[in-house]
Amino acid sequence: MGDSLLLRNAKLVLPEGVLNDIDILIEDGIVTRIGRGLEAPNGVEILDVKGKIVIPGVVDEHVHMREPGLEHKDNFTNGTLDAAAGGVTTVIEMPNTLPPVENHKILLEKAKRLVSKAYVDFALYGVIHDGNIDEFDEMVYAGAVGFKIFLGPTTGNIPAPSDGTLYEALLKSAKFKVPLAFHAENWDLVKYFTEKVKSTGRTDPKAHTDARPPICEEEAIQRIALYTKKTNGISLIVHMSAREGVEILRRARNEGVNIWGETNPHYLLLTVEDYEKYGTLMKVNPPIREKEHQEALWKAVLNGIITNIGSDHAPHTEEEKKKPVWEAAAGFPGVRTLLPLMIDQALRGKIPLTKIPELLSKNPAKLFNLYPKKGTITIGSDGDLVVIDPTAETIIRKEDFHSKYPLSPFIGWKLKGKIVYTILRGTIIAVEGKVLGGPRGQWIKYSIETIHK
Ligand code: NCD
Ligand code: ZN
Ligand code: ZN
């Protein structure tokens with residue numbers, strides 16, 4: 001049994017529009033009534049949120065919380081504490097842990113291990129490479145909501161599949177209606193350009209960007225789009241960083257291909273100019289690029305070509321991050337800052353407020369078959385809500401992170417808006433960044449009955 005709560009006078013912001021002075025009743029963890037002037041059932045806790053924005057809890061479809069096997073970088077407890085503090089009520093955890101999530105046994109063991117530590121709800125990805133395509137079905141039956149396929153080199157160095165395996169995986173994606181999330185960089189091209197740039201002797205942090213030029217993404221996304229079209233599979237291009245990739249995505253989506261695109265706050269808010277300030281702290285795969293790419297990404301976010309925004313939460317140790325450019329680890333923690341950064345952009349007028357629940361909640365939930373249980377506020381959905389004060393400010397501070405290594409380029413940034421409450425299935429799990437209570441997150445599995453009914 002979940003909890004009960006009545007929110008009064010919310011400014012309810014959904015992709016479909018904004019409604020003022022709305023009451024939302026959550027009973028036993030589920031939204032049971034939405035309306036004006038609702039009667040409070042006996043004994044139910046009332047929270048007056050007059051003047052505050054209420055959106056569905058964020059579904060962060062892209063986190064690497066490092067457990068099991070990479071706990072020297074961080075762990076699931078810290079990661080989900082940061083999620084709760086940052087308005088994220090569901091995370092979808094990537095499979096590049098140790099051992100990689102490449103069969104159903106490992107998936108089940110990972111779920112069992114994480115469930116006692118989860119401060120928010122979670123779902124799991126499996127990974128697909130040439131050695132385990134036969135495990136696809138079993139991982140789906142065990143509960144994987146999607147799969148990551150690494151086409152380019154990155155943390156974990158999971159090898160890229162052959163084109164045949166890629167095609168086969170997309171056929172299975174179509175059959176089961178599970179999405180494949182692609183790290184879309186061409187491995188050979190990354191290797192070629194990296195050697196080329198390295199051979200010049202460069203050691204400045206921007207060398208990382210020049211070693212992975214846009215063509216690496218363009219080629220990979222083009223191939224994925226073609227195979228997705230031919231197989232009727234479902235693809236998500238994660239962490240999109242380049243104008244050229246957006247152009248391929250635009251064409252494919254206009255043709256009706258079931259291909260979705262994700263970008264992350266760092267590509268929208270940082271450019272190569274920032275290497276001077278942040279150095280390898282902002283090293284990430286794919287790399288942060290020039291202003292023209294950032295502008296193309298913003299345009300795509302606004303016109304619906306990019307459909308999803310996740311964090312690509314990817315913590316590493318200080319030692320790993322501070323190495324010289326070629327050896328430094330790629331990625332940084334992001335689940336804590338995802339929503340605050342995007343709300344700030346909305347309150348500054350860069351993006352409509354209604355786009356926030358669309359990109360961060362509804363679309364990720366839909367793509368991963370979690371909707372409308374997750375990703376919206378409607379009768380019957382889980383009572384996962386975030387309450388935001390649009391008149392207050394947030395300064396991102398090191399102390400706000402639960403991460404072992406809070407090495408975020410956004411520390412010190414001053415933002416408009418403040419997350420006041422995070423509510424998970426009717427329970428207030430965080431107040432102004434302070435997490436309350438213990439881990440009460442649940443594992444959300446793929447369900448063949450619901451998805452194929
Ligand atoms: C991610 C990580 O560290 O796990 N790093 C990154 O630079 N994005 C891996 C990934 O998403 O490619
Ligand atoms: Zn990746
Ligand atoms: Zn990632």
Side-chain angles (χ1 to χ4, degrees), residues 60-76 79 88 91-101 110 124-129 146-161 179-187 190 194 205 208-209 211-212 216-217 220-221 224 235-242 245 260-267 270 275 278-289 308-321 323 325-335 337-338 364 403-405 407-409:
D60 186 349
E61 65 188 13
H62 191 164
V63 302
H64 305 262
M65 292 194 168
R66 307 307 192 198
E67 192 167 345
L70 297 165
E71 290 93 336
H72 63 285
K73 295 176 191 280
D74 213 347
N75 60 43
F76 203 65
V88 175
V91 293
I92 312 186
E93 157 70 7
M94 284 290 179
N96 59 337
T97 34
L98 283 181
V101 182
K110 183 168 178 177
L124 296 177
Y125 284 93
V127 68
I128 293 294
H129 50 69
F147 293 89
K148 181 144 184 197
I149 295 187
F150 293 88
L151 296 184
T154 187
T155 312
N157 273 331
I158 293 168
L180 306 186
F182 287 97
H183 184 110
E185 288 184 291
N186 177 307
W187 200 297
V190 167
T194 302
H208 176 64
T209 295
R212 302 171 91 115
C216 303
E217 271 180 85
I221 297 172
I224 296 159
S235 295
L236 168 68
I237 311 296
V238 293
H239 45 43
M240 291 187 65
S241 72
W260 303 50
E262 173 205 274
T263 194
N264 318 107
H266 39 276
Y267 301 114
L270 302 172
Y275 275 122
Y278 302 116
T280 53
L281 180 59
M282 63 179 253
K283 178 177 172 182
V284 61
N285 294 328
I288 287 161
R289 303 186 188 279
N308 300 19
I309 295 184
S311 69
D312 197 2
H313 175 81
H316 297 281
T317 68
E318 187 156 6
E319 200 191 329
E320 290 164 334
K321 282 302 290 180
K323 287 186 175 163
V325 62
W326 299 114
E327 291 84 43
F332 40 82
V335 73
T337 50
L338 168 66
S403 312
K404 279 192 184 167
Y405 299 95
L407 299 169
S408 160

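Positions are given from 1, in the same order as the sequence printed here. Counting starts at 1 for both ligands and their atoms, following the listed order.
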Inset, instruction - Sequence neighbours left out, what passes side-chain contact (heavy atoms from CB on, under 4.5 Å) with S408? Give chain and number order. - result: F401, F410, I411

Any side-chain heavy-atom pair from [X] and [Y] closer than 4.5 angstrom?
| X | Y | result |
| --- | --- | --- |
| L236 | N308 | yes |
| H64 | K73 | no |
| V238 | D312 | no |
| Y405 | P315 | no |

Let me check something: any side-chain donor-acceptor pairs from residues 280-288 under 3.5 Å, sequence neighbours excluded? List them with distances.
residue	atom	partner	partner atom	Å
T280	OG1	K321	O	2.8
K283	NZ	V325	O	2.8
K283	NZ	A328	O	2.8
N285	OD1	H208	NE2	3.1
N285	OD1	R212	NH1	3.3
N285	ND2	T154	OG1	3.2

Inset, instruction - Would you tell me whether H239 and N264 have side-chain atoms, one donor and one acceptor, within less than 3.5 Å of each other? - result: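 No.
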
Inset, instruction - Could you tell me whether the side chains of H316 and R66 share a donor-acceptor contact shorter than 3.5 Å? - result: yes

Legend entry - Atoms of the protein (N/O/S only) found under 2.8 Å from the Zn ion (ligand 2): K148 NZ, H183 ND1, H239 NE2

Inset, instruction - Answer yes or no: is there a donor N or O on one side and an acceptor on the other, between the side chain of E320 and the main chain of E318, under 3.5 Å? - result: no

Legend entry - Those protein residues which place at least one heavy atom below 4.0 Å from ligand 1: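 Ligand 1 is contacted, at a heavy-atom distance under 4.0 Å, by H62, H64, R66, N96, K148, T154, T155, H183, H239, V284, N285, D312, A314, H316, A330, G331.
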
Legend entry - Residue pair E61 / Y125: nearest heavy atoms and the distance that separates them: O-OH, 2.6 Å

Inset, instruction - Would you name the N/O/S atom of H64 that lies closest to the Zn ion (ligand 3)? - result: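 Nearest N/O/S atom of H64: NE2.
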
